[in-house]
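If you're wondering where the values come from, they're calculated on a predicted model, not measured in any experiment.
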Amino acid sequence: MSSDVALDVSALAINVTIPEDLRWTDTRRGEEFLLTTLNVRLLPDGRLAAKAYGRPTRGGRGTYVAFPVPDRGELAALVAEAAGRAGQLWAAHRGLG
C-alpha cells in the first residue's frame, strides 16, 4: 500500500481489567453490578473515553450494560496508563501471522 494514501482507521479501543482494589458497584434497572472491565476508546481528537462493564453481583450473566466511569484520580490514571501501554504494544506489532 502506498504511503501517500490516507488510511481511515475508524476505531481504536482496548479492554482493561480493573484491579480489584479499584472496582466499584453501580445499579441499573434495580440490579447491582460489580464493574470489572473498562473499554477505553481513542477519540478522533486524541482524547480518551471510557465506559465500565461488569456482572450482576447476584450472579449470572446479566446484560451487557455500559456504566460511566467515576471521576476518581486513580481510575483516570489507570485509563492513561493502559492507553500508553496499548500504544507501546501497537507500535511493537510484528504483522499478521
Side-chain angles (χ1 to χ4, degrees):
M1 179 158 204
S2 174
S3 63
D4 60 340
V5 174
L7 295 176
D8 180 21
V9 177
S10 62
L12 287 171
I14 59 172
N15 291 323
V16 180
T17 300
I18 303 169
E20 286 191 35
D21 62 325
L22 297 181
R23 293 177 182 178
W24 71 97
T25 59
D26 204 338
T27 303
R28 182 71 48 87
R29 296 183 198 107
E31 187 167 23
E32 184 182 64
F33 287 76
L34 174 64
L35 290 307
T36 59
T37 305
L38 296 176
N39 177 268
V40 181
R41 294 177 293 120
L42 179 63
L43 301 174
D45 66 2
R47 292 178 303 121
L48 299 172
K51 292 185 179 185
Y53 295 87
R55 297 208 179 272
T57 57
R58 290 186 178 179
R61 289 185 45 90
T63 56
Y64 195 68
V65 179
F67 289 86
V69 177
D71 185 14
R72 294 179 15 207
E74 62 272 21
L75 292 174
L78 175 65
V79 168
E81 186 175 336
R85 179 66 179 133
Q88 292 171 343
L89 293 170
W90 275 107
H93 79 82
R94 297 183 307 215
L96 295 174

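- Atom CG of Leu38 sits about 13.0 Å away from atom CZ of Phe67, to the nearest 0.5 Å.
- For the atom pair CZ of Arg55 and CG of Leu35, the computed distance is 12.5 Å after rounding to the nearest 0.5 Å.
- The CG atom of Asn39 sits 5.0 Å away from the CG atom of Asn15 when rounded to the nearest 0.5 Å.
- Using a 4.5 Å cut-off between side-chain heavy atoms of Ile, Leu, Val, Met, Phe, Trp and Tyr, with links allowed through other members, Val40 and Leu43 fall into different hydrophobic clusters.
- Relative to the ring axis of Phe33, Arg28 does not place its NZ or CZ within 45° and under 6.0 Å from the centre.
- Contact record, Ala82 with Ile14: O-CD1, 3.6 Å, taken as the closest heavy-atom pair.
- Applying the side chain to side chain donor-acceptor pair (under 3.5 Å) rule to Arg23 yields no partners; only residues at least two apart in sequence or on another chain are considered.
- The main-chain N or O of Glu32 is never found under 3.5 Å from a side-chain atom of Arg58 such that the two would form a donor-acceptor pair.
- To the nearest 0.5 Å, atoms CD1 (Ile18) and CG (Leu34) are separated by 8.0 Å.
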* Asked: Step by step, would you call Val79 with Val16 a side chain to side chain contact (heavy atoms under 4.5 Å, CB included)?
  -> CA-CA 8 Å; Val79 168; Val16 180; over 6 Å; no
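- We find the CG-OG1 distance between Leu78 and Thr17 to be 9.5 Å, quoted to the nearest 0.5 Å.
- Residue pairs meeting the side-chain hydrogen bond (donor to acceptor under 3.5 Å, both in side chains) criterion with at least one partner in residues 86-97, sequence neighbours excluded, are Arg85-Gln88.
- Nearest heavy-atom pair across Pro70 and Trp24 is CD-CZ2, 3.2 Å.
- Residues that satisfy the side chain to side chain donor-acceptor pair (under 3.5 Å) test with Glu20, not counting sequence neighbours, are absent from this structure.
- Between Ala83 and Leu48 the shortest heavy-atom distance is CB-CD1, 3.7 Å.
- The heavy-atom pair separating Glu74 from Leu22 by the smallest distance is CG-CD2, 3.3 Å.
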